[in-house]
Amino acid sequence: MLKFDEKVYLENARLTYETREETEKIADEITKEGFSNLFFISVGGSIAIMSPIQEMLKQMTDIPVYLEQAGEIVVTGHKQLTKDSIVIMASKSGDTKETVAAANWCKEQGIRVVSLVGKPDTPLVKASRWVIPNKALNGVEFEYIQLFMLVFKLVHNVGQFPAYPRFADQLEKLPANLLNAKKKFEPRADEIAQKYHNEPYSIWVGGGEMAGEVYLFSMCILEEMQWVRTKFVTSSEFFHGTLELVEKDVPVFLVKGEGSRRKLDERVEKFCQQYTEKLVVIDTKKFALEGIDDEFRWMLAPTISSTILVDRLARYYEKYTGHDLNTRRYYRQFEY
């Protein structure tokens, strides 16, 4: 596979799953102390992968769950964010400016923070009550696995996800399945990128628990890393503005999920089949999850999307645009 080391990937998987005991211990400590609600607070790609989990929790638990931008929370505050709250943050670098500022703000208010951090002895580590080490060198799916183990264990502890032990056991099998998904999608990633890398404008659509992943790919990969002009919209919002921009030569990329909102994706698909000749449908149902129960597929669908888009398709865009994924004009290049 293009710019991919299978051995490193499987080692990252091992290192990630090894944090299960540590992560569940933190969840147990939080449960023992008690909490009234959960806040996901981060920016960029980190908040994008928290979005699907928030959407899942809306359907799984009566625990109040909030998703907030780190840069905003320190300016506005939040009346539901109190000392009884638990704040969940993530930063691969551990020094993301807005996230660190929000963590320090929470610490000053006596609000408990648990963070996924990729590097030790960083500002976010120092500002957090609990830290889950994100040891994987790359792979958004590994951050999902750790968030699943933390958040769904919390829900299980309050009696609202009894299947958690079975779910967590089966998570160990997820990376091998995602590796197979990468291999299966590889030729299609090449085909899509070759055909569409130079389009002046494209529309990316995903709904519900898939929206965060589609947002991440369109913004963090295509916009930030490839300087490709895109529009992201959810399946439910597509028919309230964006549909008017669909023409026969406008590419529309639809990423279909597997939860109850799939019917909204299918509505977009039916419309676009009639009005654009450049509809690309990416359906996570086409990828096997061997050894994992079907009841969990809708929850794991974002990891499939992540592994084939953020990893494979991104690499092929890079190949055909000639624009290195690490090249930035502005991001972290100077103070702003």
Side-chain angles (χ1 to χ4, degrees), residues 19 22-23 26-27 29-31 33-58 63-136 140 142-144 146-152 154-155 211-213 215-216 219-220 223-224 232 302 328 330-336:
T19 65
E22 182 179 359
T23 302
I26 290 172
E29 289 178 7
I30 292 171
T31 306
E33 290 187 8
F35 61 98
S36 61
N37 54 40
L38 297 174
F39 273 78
F40 292 101
I41 302 177
S42 281
V43 296
S46 293
I47 200 169
I49 67 170
M50 294 173 170
S51 170
I53 298 176
Q54 185 211 23
E55 292 296 331
M56 295 172 202
L57 291 176
K58 289 179 186 178
I63 299 171
V65 184
Y66 302 90
L67 185 75
E68 301 292 332
Q69 283 284 343
E72 296 178 0
I73 203 76
V74 297
V75 176
T76 65
H78 196 300
K79 290 297 184 181
Q80 282 72 47
L81 180 56
T82 70
K83 293 180 181 180
D84 294 326
S85 303
I86 292 294
V87 171
I88 300 169
M89 295 183 168
S91 171
K92 192 69 178 175
S93 66
D95 64 0
T96 306
K97 183 175 181 180
E98 297 89 345
T99 303
V100 171
N104 284 324
W105 182 84
C106 287
K107 187 175 182 180
E108 292 169 2
Q109 311 298 317
I111 299 169
R112 297 163 294 172
V113 174
V114 53
S115 296
L116 275 64
V117 188
K119 296 180 181 179
D121 302 319
T122 49
L124 185 56
V125 169
K126 296 172 183 176
S128 302
R129 169 78 173 276
W130 297 280
V131 174
I132 299 170
N134 181 359
K135 299 178 181 179
V140 175
F142 299 125
E143 295 178 65
Y144 272 115
Q146 291 186 308
L147 285 170
F148 287 154
M149 293 189 294
L150 172 66
V151 176
F152 293 152
L154 286 172
V155 176
E213 265 305 314
Y215 162 78
L216 186 156
M219 186 184 76
C220 297
E223 291 183 346
E224 179 188 322
F232 161 71
R328 308 287 191 278
Y330 311 117
Y331 183 65
R332 288 183 177 247
Q333 300 305 305
F334 48 83
E335 283 295 320
Y336 46 79

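Computed from a prediction, not measured in an experiment: that's the story for all the values here.
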K.L.:
Write down the atom of A70, the atom of V43, and the distance for their closest heavy-atom approach.
P.N.:
CB-CG1, 3.7 Å
K.L.:
Rounded at 0.5 Å granularity, tell me how far CD in Q146 sits from OG1 in T19.
P.N.:
4.0 Å
K.L.:
Atom CE of M89 and atom CD of E98: how far apart are they, to the nearest 0.5 Å?
P.N.:
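The distance works out to 11.0 Å.
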K.L.:
Nearest 0.5 angstrom please: L154 CG to T23 OG1, how far?
P.N.:
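Between atom CG of L154 and atom OG1 of T23 there are 10.5 Å.
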K.L.:
Measure across T122 and S93 and return the closest heavy-atom pair with its distance rounded to 0.1 Å.
P.N.:
CG2-O, 3.6 Å
K.L.:
Can you give me every donor-acceptor pair (side chain of residues 125-134, partner residue at least two apart or in another chain, under 3.5 Å) with its distance?
P.N.:
residue : atom : partner : partner atom : Å
S128    : OG   : S115    : OG           : 2.8
S128    : OG   : L124    : O            : 2.7
R129    : NH2  : E33     : OE1          : 3.4
R129    : NH2  : E33     : OE2          : 2.3
W130    : NE1  : E29     : OE1          : 2.8
N134    : OD1  : K92     : NZ           : 3.3

K.L.:
Restricting to side-chain contact (heavy atoms from CB on, under 4.5 Å), what partner residues turn up for V155, sequence neighbours left out?
P.N.:
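Only L57, T61, I63, Q160, F161 meet the side-chain contact (heavy atoms from CB on, under 4.5 Å) criterion with V155.
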K.L.:
So which atom in D95 and which in P123 form the shortest heavy-atom distance, rounded to 0.1 Å?
P.N.:
CB-CD, 4.1 Å
K.L.:
Enumerate the side-chain hydrogen bond (donor to acceptor under 3.5 Å, both in side chains) contacts for residues 40-57, please, sequence neighbours excluded, ordered by first and then second residue.
P.N.:
E55-K58, E55-R261
K.L.:
Can you measure from CZ (F148) to CD (E143) and round to the nearest 0.5 angstrom?
P.N.:
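Between F148 CZ and E143 CD, I get 11.5 Å after rounding to 0.5 Å.
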K.L.:
Hey, does V74 have a side-chain heavy atom less than 4.5 Å from the side chain of E108?
P.N.:
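E108 does not reach V74 side chain to side chain.
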K.L.:
Going by side-chain hydrogen bond (donor to acceptor under 3.5 Å, both in side chains), name the residues that satisfy it together with Q109, two or more places apart in sequence or in a different chain.
P.N.:
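Scan of Q109 (side-chain hydrogen bond (donor to acceptor under 3.5 Å, both in side chains), adjacent residues dropped) gives none.
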K.L.:
About how many Å separate CZ of R332 and NZ of K97, when rounded to the nearest 0.5 Å?
P.N.:
10.5 Å
K.L.:
To the nearest 0.5 Å, how far apart are CZ in R112 and CG in D84?
P.N.:
7.0 Å
K.L.:
Just so I know, are the side chains of W105 and L81 near enough to count as touching, which here means a heavy-atom distance under 4.5 Å?
P.N.:
yes
K.L.:
Under the ring pair (Phe, Tyr, Trp, His ring centres under 6.0 Å) rule, collect the residues that match up with F334, sequence neighbours excluded.
P.N.:
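Once residues adjacent in sequence are excluded, the partners of F334 under the ring pair (Phe, Tyr, Trp, His ring centres under 6.0 Å) criterion are Y336.
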K.L.:
Name the residue from L150, L147, I88 that meets the side-chain contact (heavy atoms from CB on, under 4.5 Å) definition with I53.
P.N.:
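Going through L150, L147, I88 one by one, the side-chain contact (heavy atoms from CB on, under 4.5 Å) with I53 is satisfied by L147 alone.
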K.L.:
Applying side-chain hydrogen bond (donor to acceptor under 3.5 Å, both in side chains), can you list everything that pairs with N37, at least two apart in sequence or on another chain?
P.N.:
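Testing N37 for side-chain hydrogen bond (donor to acceptor under 3.5 Å, both in side chains), a comparison that skips the adjacent residues, returns S85.
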K.L.:
Tell me, please, which residues at least two apart from F39 pass ring pair (Phe, Tyr, Trp, His ring centres under 6.0 Å).
P.N.:
Y66, H78
K.L.:
Suppose we screen for ring pair (Phe, Tyr, Trp, His ring centres under 6.0 Å). Which residues come up paired with F35, at least two apart in sequence or across chains?
P.N.:
none
K.L.:
Tell me the closest heavy-atom pair linking A102 and I73, and the distance in Å.
P.N.:
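Minimum heavy-atom separation between A102 and I73: CB-CG2, 3.8 Å.
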K.L.:
Name all residues meeting the side-chain hydrogen bond (donor to acceptor under 3.5 Å, both in side chains) criterion together with E72; count only those two or more places apart in sequence or in a different chain, and write none if there are none.
P.N.:
none
K.L.:
So, do E213 and I49 sit near enough that their side-chain heavy atoms are less than 4.5 Å apart?
P.N.:
yes
K.L.:
Applying side-chain contact (heavy atoms from CB on, under 4.5 Å), can you list everything that pairs with M219, at least two apart in sequence or on another chain?
P.N.:
Y215, E223
K.L.:
Going by heavy atoms in the side chains, are M149 and I26 under 4.5 Å from each other?
P.N.:
no
K.L.:
Only counting residues at least two apart or in another chain, list the ones meeting side-chain contact (heavy atoms from CB on, under 4.5 Å) with R328.
P.N.:
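In terms of side-chain contact (heavy atoms from CB on, under 4.5 Å), with neighbours along the sequence ignored, R328 is linked to E224, M225, Y331, Q333.
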K.L.:
Looking at every non-hydrogen atom in both residues, tell me the closest pair between L216 and G45 and how far apart they are.
P.N.:
CD1-O, 3.6 Å
K.L.:
Taking only residues two or more places apart in sequence, or in another chain, which ones meet S36 in a side-chain hydrogen bond (donor to acceptor under 3.5 Å, both in side chains)?
P.N.:
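Checked S36 against side-chain hydrogen bond (donor to acceptor under 3.5 Å, both in side chains); zero matches.
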K.L.:
I need the minimum non-hydrogen distance between P302 and M56, along with the two atoms involved.
P.N.:
CG-CE, 3.9 Å
